[in-house]
2 protein chains.
Amino acid sequence: MNSDDLEKEKRLLIEKMGVFFENWDTLSPLSSRVFALLALSLEDGVTFEEIKETLGASKSSICTNLQLLQSKGRIDYCTKPGDRKRYFKIDDQQIMTRLDEKIEDWKQEKILHEKVLSYKEKVLALNKINIEDNSNLKIKISYNKHYIEFTEAMIEDLKKLKQNLLDI
Amino acid sequence: MNSDDLEKEKRLLIEKMGVFFENWDTLSPLSSRVFALLALSLEDGVTFEEIKETLGASKSSICTNLQLLQSKGRIDYCTKPGDRKRYFKIDDQQIMTRLDEKIEDWKQEKILHEKVLSYKEKVLALNKINIEDNSNLKIKISYNKHYIEFTEAMIEDLKKLKQNLLDI
DNA sequence: CTTTTGGTTCGGTAAATACCGAACCAATCG
DNA sequence: CGATTGGTTCGGTATTTACCGAACCAAAAG
């Protein structure tokens, strides 16, 4: 295993992670590869120029995608005294940020399903349908309620995982 | 609350759920609204024609998106004896399917981070860097390891949630 | 105060995605 | 059998998204 092989492995990994994160975190292809590149770095940060060169993209695209990733809380940068360059790196908080986003998403899903349930109950009331008379309906409604419970459990689990991470 | 108000509430909900599921489950706008419509139905299924009319989309678009949702395991249909129409409905298994997909995603994320760690260790080895000499590096590497543990915990939690759902 | 460096902004193009209409097929009906 | 119903397929267009180049700005160096 020499330096060349490692460079190849790096490029391969950037590509693999790139494809994965595109869907996983809904990033543009380039954003995703920038993120991957930073995740692989052992330095204190990677410069604009180096990112541009390794990914072979234009200055402007790199810039926009760096801004995008920063605004999403996925990366940030630091500077070194007497050096105007920015050293981009993965945001230390990014996992937390993403966990918080996931929690928000599940909360949203829960709220929506509560609204679905409430809508269905209104329909039943308006049409004077007794749920007990129709086992199919009964199953549907109880399924809804179960799903809401499921989202609650999911949210609780995510909160616990978050707390575990904070405790490290 | 009359029938008209309910119809309005339904359309509003379809729109809200539509927007949400587009990102949540990476569906096309129309797919997402079809899914929402089916989720709100109290009947045993909704016909092609009714979906088309409520969503005001073309026959072909409805068709393609119904196929897409079926291939993703999000919806399916049943037929009624002596009736050629298909009655589309939410797939009973869809939550399971989605949970399984989530588990697969986290497994993938775990694998990728293991590869990142392995890559980093190779870089250190090649450059004969002792991690103990550099607290920054040490933190980075241990962060990686913690993250892998985190993905494991996440996967376990998801599996438990899945089992709970199966037990209902 | 000109030049260079590091990065941003904006207008435009290329590519991907979502949707549509028309032609089509297969099953049923008259 | 031809007509109708229920749904599919395919070619094309509109919209969105991703990216680029060129002009630009601000800080520092010469």
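In this text the structure is predicted, and so the values were computed from the model without any measurement. First the proteins, then the strands, lettered A, B, ... as listed; each starts at 1.
- Between B:Leu55 atom CG and C:dA18 atom C1' there is a gap of 14 Å when expressed in whole angstrom units.
- Residues A:Arg84 and A:Ala57 each lie close to DNA chain D; by heavy-atom proximity, the contact nearer the 5' end of the strand is made by A:Ala57.
- A salt bridge (charged side-chain N to carboxylate O under 4.0 Å, His left out) with B:Lys162 is found for exactly one of B:Asp167, B:Asp157, B:Asp100, namely B:Asp100.
- Summarising the geometry, the separation between CZ on A:Arg33 and P on D:dA18 is reported as 12 Å, rounded to the nearest angstrom.
- A:Leu66 comes within 4.0 angstrom of nothing in the nucleic acid, heavy atoms only.
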Show me the side-chain donor-acceptor pairs of residues 18-29 of chain A shorter than 3.5 Å, one per line, residues at least two apart or across chains.
unit_1	atom_1	unit_2	atom_2	d
A:Glu22	OE2	A:Arg33	NH1	2.8
A:Glu22	OE2	A:Arg33	NH2	3.2
A:Asn23	ND2	A:Val19	O	3.1
A:Trp24	NE1	B:Glu109	OE1	2.3
A:Asp25	OD1	A:Arg74	NH2	2.9
A:Asp25	OD2	A:Arg74	NE	2.6
A:Asp25	OD2	A:Arg74	NH2	3.4
A:Ser28	OG	A:Ser31	N	3.1
A:Ser28	OG	A:Ser31	OG	3.3
A:Ser28	OG	A:Asn65	OD1	2.9

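- In terms of polar N and O atoms assigned as donor or acceptor, the side chain of A:Lys85 never comes within less than 3.5 Å of the base of C:dG6 in a complementary pairing.
- A straight line from CG of A:Asn65 to C1' of C:dT9 spans 15 Å, rounded to a whole angstrom.
- Positionally, the nearest nucleotide of DNA chain D for B:Thr64 lies more toward the 5' end than for the other of A:Ser58 and B:Thr64.
- In the hydrophobic clustering of this structure, A:Leu68 does not group with A:Val34; members are Ile, Leu, Val, Met, Phe, Trp, Tyr whose side-chain heavy atoms approach within less than 4.5 Å, directly or through other members.
- Whole-Å rounding puts the A:Tyr77 OH to C:dT8 P distance at 8 Å.
- Residue B:Ser28 is in sugar-phosphate contact alone, with no base atom involved, counting any heavy-atom pair closer than 4.0 Å across all strands shown.
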